[in-house]
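These numbers come from a predicted model, not from an experiment. Values below: all heavy atoms of this structure, side chains included; hydrogens, waters and symmetry mates excluded.
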Amino acid sequence: MLKLNIQSARTVLSNLTMGNIGKSVLPSNRIIASILNSSTKLDIQNNKCDTNYQQVAYYRRNNFTRPFNWVRRRGGGYDENINSENKEFLNQVLLDKYSESPLKEAPWKKGEYNENSVNKRLGLLGIKLGSIPQWTKDGKKIHTTLIQVLDNHVIDYIPPEVLMERDNIYNNNLKRTKNGNLGMAIVGAISSDPRNYTAQYLDIFKNAGVPPKRKLTKFMVSQNAVVQPGTPLYAAHFRVGDYVDVASHTIGYGFQGVMKRWGFKGGPRSHGSTKFHRKRGTISSGRDRRPIKGMKMAGKMGTKWRQLMGLKIWRINNKYNILYIHGPVIPGPTHSYVRIADSCLPKNRARFTAQSHPPFPTFYPDHNQVTAEEVYDEELHKFSEPTITFDTFEAKKITKRDGAKIARIKS
């Protein structure tokens with residue numbers, strides 16, 4: 001891009017207005033176009049050119065667009081001044097509406113695992129409970145994070161053909177669907193009172209036949225891993241020893257200074273320093289006269305979407321649907337929503353074979369089989385087992401005379 005300084009632009013414009021056009025100052029069409037297209041205001045009076053330069057600030061715009069299936073969630077509500085009889089009547093209506101099983105229709109055909117195609121299952125939506133240590137059989141200590149899968153259901157499934165029709169510059173569904181090979185499954189967690197939501201939000205749960213959920217998330221799934229809407233999801237969706245990818249928002253700390261946000265040392269504490277103890281110092285150089293791009297400064301800290309990949313599942317509690325996932329650094333505060341899916345790393349997906357793979361497309365409970373309450377990894381120590389074992393041996397009694405001989409030898 002051609003740049004003109006103020007002096008050269010003023011000279012060219014004054015010569016143009018006063019008719020002093022010579023070969024030495026004759027500008028090219030490119031220069032004139034750059035001057036006329038600049039953000040300047042020209043005031044020509046009495047053969048004199050006064051240029052008022054207007055500063056224009058260019059800010060980085062946030063290209064945030066809502067997804068195509070976004071609807072307003074909260075709104076309306078219900079009248080709280082109704083009497084107790086009407087409340088009981090409304091509660092009974094809700095029970096009758098959602099008491100029937102959403103899977104009363106003919107079940108969808110369950111897909112099968114195929115080694116020669118893409119096998120991408122849906123994931124779960126859990127709640128972070130905290131961190132707890134575990135020990136292996138050789139005595140090594142491992143930190144794990146407890147994530148509970150509460151009231152998860154498949155809400156809806158959008159086939160890839162529908163997603164491809166909605167492809168635009170804001171929703172690059174062609175890339176997300178892997179050229180039309182993946183569909184979108186919507187999973188919800190924790191049912192709530194439908195009277196607190198709008199009619200548009202309640203329409204999302206028509207196909208599932210379940211109450212509205214507090215939290216929804218999306219997973220891209222292959223066509224052989226489609227699950228019927230209304231199907232409940234459990235922690236047994238994964239196996240002990242598998243590797244998963246966990247994503248969530250980090251802890252939000254609000255607006256923080258550079259010392260807490262970036263770990264700066266700060267200014268001197270003594271020798272005449274005044275109000276400079278926690279400041280960052282210079283943000284530019286004398287030549288540029290502007291802040292350097294990418295400068296670490298004070299601002300909002302946390303609340304960033306982060307994903308940890310390739311975390312091992314050490315233990316599963318099927319009674320309370322709790323996953324013991326490796327690592328104490330899973331993003332998010334306690335009781336925050338966590339997104340769990342099969343690991344996308346090639347070395348972890350290479351472990352799956354036609355004979356050994358997770359429940360596909362998901363875990364379906366069988367009442368004829370008893371599911372173990374606690375499932376441990378082979379390398380993990382079970383707390384119900386003894387920690388120290390002693391070998392049996394005969395204790396030989398040492399007589400007094402033999403003890404004296406031993407003491408004489410030592411001396």
Side-chain angles (χ1 to χ4, degrees), residues 66-108 122-130 146-158 184-219 226-237 248-249 317-323 332-340 361-367 371 373:
R66 301 188 187 277
F68 63 89
N69 56 352
W70 181 88
V71 294
R72 188 172 295 278
R73 188 162 171 259
R74 293 282 184 173
Y78 60 96
D79 189 7
E80 298 179 355
N81 297 324
I82 59 178
N83 53 25
S84 59
E85 295 181 359
N86 292 337
K87 281 187 178 180
E88 293 179 359
F89 174 74
L90 292 176
N91 294 335
Q92 187 63 34
V93 170
L94 294 177
L95 290 175
D96 296 340
K97 183 178 181 180
Y98 296 104
S99 60
E100 297 181 358
S101 174
L103 303 177
K104 60 184 179 180
E105 299 178 358
W108 292 5
L122 51 80
L124 300 179
L125 194 60
I127 294 179
K128 181 180 177 180
L129 300 181
L146 276 67
I147 297 178
Q148 187 174 16
V149 181
L150 281 178
D151 197 13
N152 275 216
H153 285 84
V154 181
I155 304 303
D156 199 359
Y157 171 72
I158 303 175
M184 180 184 293
I186 301 177
V187 177
I190 306 180
S191 301
S192 57
D193 192 350
R195 291 172 289 185
N196 295 329
Y197 301 97
T198 60
Q200 294 81 4
Y201 186 73
L202 295 177
D203 289 341
I204 301 176
F205 304 90
K206 279 186 176 180
N207 297 333
V210 296
K213 300 292 184 178
R214 293 186 184 179
K215 187 70 174 178
L216 296 177
T217 187
K218 300 175 291 186
F219 295 98
V226 177
V227 182
Q228 185 177 1
T231 305
L233 303 176
Y234 306 94
H237 180 76
S248 178
H249 284 96
N317 186 301
N318 292 316
K319 181 179 181 180
Y320 299 102
N321 288 325
I322 296 178
L323 300 173
T334 306
H335 299 161
S336 63
Y337 293 101
V338 179
R339 195 171 179 271
I340 315 167
T362 185
F363 171 76
Y364 294 95
D366 188 0
H367 299 287
T371 306
E373 181 178 342

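Between F205 and V210, the closest heavy-atom pair is CB-O, 3.6 Å. Between P229 and I155, the shortest heavy-atom contact is CB-O, 3.4 Å. Between V154 and A208, the shortest heavy-atom distance links the atoms O-CB, 3.8 Å. Heavy atoms only, all atoms of each residue included: H237 and F363 are closest at N-CB, 4.0 Å. Heavy-atom minimum distance, A189 versus L125: CB-CD2, 3.8 Å. A pairwise comparison of heavy atoms in A235 and I322 identifies CB-N, 4.2 Å as the closest pair.
A donor-acceptor contact shorter than 3.5 Å is absent between the side chain of E373 and the backbone of K319. The closest donor-acceptor contact from the side chain of S248 to the backbone of Y337 lies under 3.5 Å. Between the side chain of D151 and the backbone N or O of S191, at least one donor-acceptor pair lies under 3.5 Å. Looking at H153, its side chain never comes within 3.5 Å of a backbone N or O of I190 through a donor-acceptor pair. Although no hydrogens or angles enter the test, the distance criterion places a donor-acceptor pair under 3.5 Å between the side chain of N152 and the main chain of L150. For K128 (side chain) and G332 (main-chain N/O), a donor-acceptor pair under 3.5 Å exists by modelled atom type. With hydrogens and angles disregarded, a donor-acceptor distance shorter than 3.5 Å links the side chain of T198 to the backbone of R72. Between the side chain of N83 and the backbone N or O of N86, at least one donor-acceptor pair lies under 3.5 Å.
Atom CG of L146 and atom CG of L323 lie 9.0 Å apart (nearest 0.5 Å). Remark: Y234 OH to T362 OG1 distance equals 9.5 Å, nearest 0.5 Å. Taking OH from Y157 and CH2 from W108, the interatomic distance works out to 8.0 Å, rounded to the nearest 0.5 Å. Here the CE-CG distance, from M184 to D156, works out to 10.5 Å after rounding to the nearest 0.5 Å. Considering CD of Q148 and NE2 of H335, their distance stands at 9.0 Å, rounded to 0.5 Å. Separating the CD1 atom in I204 from the OH atom in Y197 is a distance of 11.5 Å, to the nearest 0.5 Å.
The closest side-chain heavy-atom distance from I82 to L90 is below 4.5 Å. When side chains are defined from C-beta on, V338 does not count as touching I127, because their heavy atoms never get closer than 4.5 Å. In this structure, the side chains of P194 and L94 come closer than 4.5 Å at one or more pairs of heavy atoms. At a threshold of 4.5 Å between non-hydrogen side-chain atoms, the residues R214 and R73 count as touching.
Checking R339 against T217 by side-chain atom types alone, a donor-acceptor pair falls below 3.5 Å.
Considering only residues two or more places apart in sequence or on other chains, K206 meets the side chain to side chain contact (heavy atoms under 4.5 Å, CB included) condition with D203. By the side chain to side chain contact (heavy atoms under 4.5 Å, CB included) test, N91 pairs with R195, sequence neighbours left out. For the side chain to side chain contact (heavy atoms under 4.5 Å, CB included) test, residues two or more places apart in sequence or in another chain that qualify with F89 are V93.
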Begin with the C-alpha distance, continue with both residues' side-chain angles, and end with the deciding distance and a verdict on side-chain hydrogen bond (donor to acceptor under 3.5 Å, both in side chains) for T231 and Y364.
CA-CA 9 Å; T231 305; Y364 294 95; 5.2 Å; no
For a side chain to side chain contact (heavy atoms under 4.5 Å, CB included) check, start with the C-alpha distance between T334 and L129, then their side-chain angles and the critical distance, and finish with the verdict.
CA-CA 6 Å; T334 306; L129 300 181; 5.7 Å; no
